[in-house]
Amino acid sequence: MNILVEIVGWTGALLVLGAYLGVSSGRLTGESTAFQWLNALGAAFFVLNTWWHGAIPSMVLNIIWSGIGFVALWRIARRDRGVRE
């Protein structure tokens with residue numbers, strides 16, 4: 001189980017890093033679904049890893065980070081369907 005949790009944590013790190021690299025290089029925008037998925041999933045993976053290791057402040061931060069990403073994805077989907085806020 002320890003190895004699985006570490007794999008999930010490192011995958012989360014790579015996803016968040018990929019999102020940041022994509023925006024910083026101009027290949028992604030903050031409003032793109034790719035950017036939001038990378039961030040939301042990466043943070044969600046960090047939640048599992050930080051919970052396992054008892055890093056509660058980091059876990060709370062990543063719960064919020066992931067929530068922001070999933071809310072952004074929900075808003076993008078609504079916008080793309082033409083639903084008004």
Side-chain angles (χ1 to χ4, degrees):
M1 189 63 153
N2 284 334
I3 291 175
L4 177 61
V5 169
E6 292 305 315
I7 290 170
V8 168
W10 280 104
T11 301
L14 291 173
L15 291 171
V16 171
L17 182 61
Y20 183 68
L21 180 63
V23 166
S24 296
S25 67
R27 294 177 185 218
L28 297 175
T29 69
E31 294 182 10
S32 70
T33 56
F35 174 77
Q36 295 300 336
W37 274 113
L38 289 167
N39 260 315
L41 287 178
F45 288 176
F46 273 143
V47 170
L48 174 64
N49 184 272
T50 54
W51 169 79
W52 181 264
H53 291 289
I56 303 306
S58 182
M59 182 186 78
V60 170
L61 170 69
N62 281 292
I63 289 170
I64 295 166
W65 188 299
S66 184
I68 290 168
F70 285 120
V71 167
L73 284 164
W74 176 73
R75 287 185 173 173
I76 290 168
R78 286 177 50 94
R79 180 194 67 205
D80 290 349
R81 285 184 275 147
V83 177
R84 291 187 182 198
E85 292 284 326

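- Through side-chain heavy atoms spaced under 4.5 Å, either directly or across other Ile, Leu, Val, Met, Phe, Trp or Tyr residues, W65 is tied to V16, F46.
- Side-chain contact between E31 and R79: present, with at least one pair of heavy atoms (C-beta onward) separated by less than 4.5 Å.
- With sequence neighbours excluded, the residues that form a side-chain hydrogen bond (donor to acceptor under 3.5 Å, both in side chains) with E6 are H53.
- A search for side chain to side chain contact (heavy atoms under 4.5 Å, CB included) contacts involving I63 returns V47, M59, not counting sequence neighbours.
- At a threshold of 4.5 Å between side-chain heavy atoms, the hydrophobic network of Ile, Leu, Val, Met, Phe, Trp and Tyr places I68 and L15 in one connected group.
- Considering all non-hydrogen atoms of both residues, G30 and V23 come closest at N-CG2, 4.3 Å.
- Applying the ring-ring contact (aromatic ring centres under 6.0 Å, His included) criterion to F35, with sequence neighbours excluded, gives no partner residue.
- Within the hydrophobic cluster formed by Ile, Leu, Val, Met, Phe, Trp and Tyr side chains joined at under 4.5 Å, directly or through other members, L14 stands alone, with no partner residue.
- Applying the ring-ring contact (aromatic ring centres under 6.0 Å, His included) criterion to W37, with sequence neighbours excluded, gives F70.
- When every heavy atom of G69 is checked against every heavy atom of Q36, the shortest pair comes out as CA-OE1, 3.5 Å.
- Between W10 and N49, the side chains place no donor N or O within less than 3.5 Å of an acceptor N or O (distance only, hydrogens not considered).
- Clustering of Ile, Leu, Val, Met, Phe, Trp and Tyr side chains at separations under 4.5 Å places I3 together with I7.
- Residues L38 and L61 do not share a hydrophobic cluster, defined by chaining ILVMFWY side chains whose heavy atoms lie under 4.5 Å apart.
- Considering only residues two or more places apart in sequence or on other chains, S24 meets the side chain to side chain contact (heavy atoms under 4.5 Å, CB included) condition with Y20.
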* To do: Take N2 and W52 through the test side chain to side chain contact (heavy atoms under 4.5 Å, CB included) and record every step on the way to the result.
  => CA-CA 9 Å; N2 284 334; W52 181 264; 3.0 Å; yes

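- Scanning both residues, L28 and A19, for their nearest heavy atoms gives CD1-O, 4.4 Å.
- For L48, the side chain to side chain contact (heavy atoms under 4.5 Å, CB included) criterion is met by V8, W51, not counting sequence neighbours.
- One distance of note links OG of S66 with CG of L41; it measures 7.5 Å at 0.5 Å rounding.
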